[in-house]
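Positions are given from 1, in the same order as the sequence printed here.
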Amino acid sequence: TCTAFDVYPIVPGQPEQKVTLNPTIAGWNSFDIDLTQYTIPLTNIMQMKFVATPSGTKVFLDNIYFWKPDTTPNITGFNVPSKLIGAAPFALVAPSSNSSGAFTYTSSNTSVATIIGNIVTIVGAGSTTITANQAAAAPYIAGSTSATLLVSYPGPTSGPNAPTVDASRVISLFSNSYSNVANIDWFPNWGQLTHVTNTTVGGNDIKKYSTMNYQGVQFASPINATAMTHLHLDIWTPNCTAFDVYLVNQTIAEQKVTLTPTLSGWNSFDIPLYQYSNINLASIGQLKFVSEPSGVAELYLDNIYFSKPVAALSSAICEIGRAHV
């Protein structure tokens, strides 16, 4: 039944001042009172006073608050494409924004890329954060958004040789030649700098590791490799000088074997599992890779699997011996 509702913010030592609202009856009314309607200073509001007309009427109130419009610009759509070493300088495309403020750009790692105006020049391999900074323009304050620029070396033009080990003697983690163990997480969040992407070379699936320092591989359930004799990996890299391959037990016991790949060509490694003398091969929960130089190494991996070719070779020798006798 209230037809007029007076709202007073009360400041000590200042005359009372009201704004009158006229609600519709028997329905919720939502009011946003512009504070410029109050000429009293609003730095020390100690009380509120409400007066209803007619007097004695019933009023229900909710959601009583002071607020201000969002003056942060809404900046969207900022992307920086990945580049290869030797790429020509390129222009950044400004993001979209509801503010008219001008954009300037910075690179967090000038050993990877430098910026003059909106022109990016590639300097070296690695990653850098490109930040688009927008100047304030009323009613909006200054704002920014960022994107990661990855700069990598030209990769391999062909894949590694296809594995020849029979599938019955393999526990495959990643290979087009075999059925792989299901639900492997190739990018668990361990705080690494490494970027992992899936790519193809000559129609063959490859794991690409960029700006690598280390990287984990998490199995959905522990792998029992006690019947296996080797861990196989194919590696192609333009700049990795040492590559540590760790087996990790569920108890977080870990042990590494260090590989030294040749550069810019496929390397095929078969690591004897006896070199992991501290690892319980019946319960392998994770792999971990660590590269040198840290943070800038780039690698392509394929055909990662456990195998037992030695057992197969022994059987073949026995068969040859029986045939000879």
Report yes if the side chains of [X] and [Y] come closer than 4.5 Å at any heavy-atom pair, otherwise no.
{"X": "Thr229", "Y": "Leu273", "answer": "no"}
{"X": "Asp234", "Y": "Leu301", "answer": "no"}
{"X": "Asn224", "Y": "Ser283", "answer": "no"}
{"X": "Tyr276", "Y": "Val257", "answer": "yes"}
{"X": "Leu173", "Y": "Phe219", "answer": "yes"}
{"X": "Leu21", "Y": "Ile33", "answer": "yes"}
{"X": "Gln134", "Y": "Ser97", "answer": "yes"}
{"X": "Ser291", "Y": "Asp244", "answer": "no"}

So does [X] have more than 12 non-hydrogen atoms from other groups sitting under 6.0 Å from [atom1]?
{"X": "Tyr274", "atom1": "OH", "answer": "no"}
{"X": "Met48", "atom1": "CE", "answer": "yes"}
{"X": "Ile116", "atom1": "CD1", "answer": "no"}
{"X": "Asp270", "atom1": "CG", "answer": "yes"}
{"X": "Asn183", "atom1": "CG", "answer": "no"}

Heavy-atom pair of closest approach, residues Ile85 and Gly124: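 Looks like CD1-C, 3.4 Å.
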Any donor-acceptor N or O pair under 3.5 Å, side chains [X], [Y]:
{"X": "Thr1", "Y": "Thr57", "value": "yes"}
{"X": "Asn98", "Y": "Asn74", "value": "no"}
{"X": "Ser146", "Y": "Thr129", "value": "no"}

Full working for side-chain hydrogen bond (donor to acceptor under 3.5 Å, both in side chains) between Lys207 and Asn198: CA-CA 5 Å; Lys207 292 285 184 186; Asn198 295 314; 2.7 Å; yes
Counting distance only, does the side-chain N/O of [X] pair as donor-acceptor with the main-chain N or O of [Y] below 3.5 Å?
{"X": "Asp205", "Y": "Asn176", "result": "no"}
{"X": "Asn161", "Y": "Pro163", "result": "no"}
{"X": "Gln17", "Y": "Ile40", "result": "yes"}
{"X": "Ser294", "Y": "Asn213", "result": "no"}
{"X": "Gln255", "Y": "Ser277", "result": "yes"}

Aromatic contact, Tyr246 with Phe289 (centres under 6.0 Å):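 No.
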Pairs involving residues 78-102, ordered by first then second residue, that meet salt bridge (charged side-chain N to carboxylate O under 4.0 Å, His left out) (sequence neighbours left out): none
To the nearest 0.5 Å, tell me how far [X] [atom1] sits from [Y] [atom2].
{"X": "Asp6", "Y": "Thr53", "atom1": "CG", "atom2": "OG1", "answer": "6.0 Å"}
{"X": "Tyr38", "Y": "Ile45", "atom1": "OH", "atom2": "CD1", "answer": "9.0 Å"}
{"X": "Asp70", "Y": "Ile141", "atom1": "CG", "atom2": "CD1", "answer": "8.0 Å"}

hydrophobic_cluster_shared for Val112 and Tyr105, side chain cutoff 4.5 Å: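 Yes, Tyr105 and Val112 fall within the same hydrophobic cluster.
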Working for side-chain hydrogen bond (donor to acceptor under 3.5 Å, both in side chains), residues Thr131 and Asn133: CA-CA 6 Å; Thr131 301; Asn133 300 288; 5.6 Å; no
Ring pair (Phe, Tyr, Trp, His ring centres under 6.0 Å): pairs with one or both residues in residues 158-188, sequence neighbours excluded: Phe174-Trp186, Tyr178-Tyr305
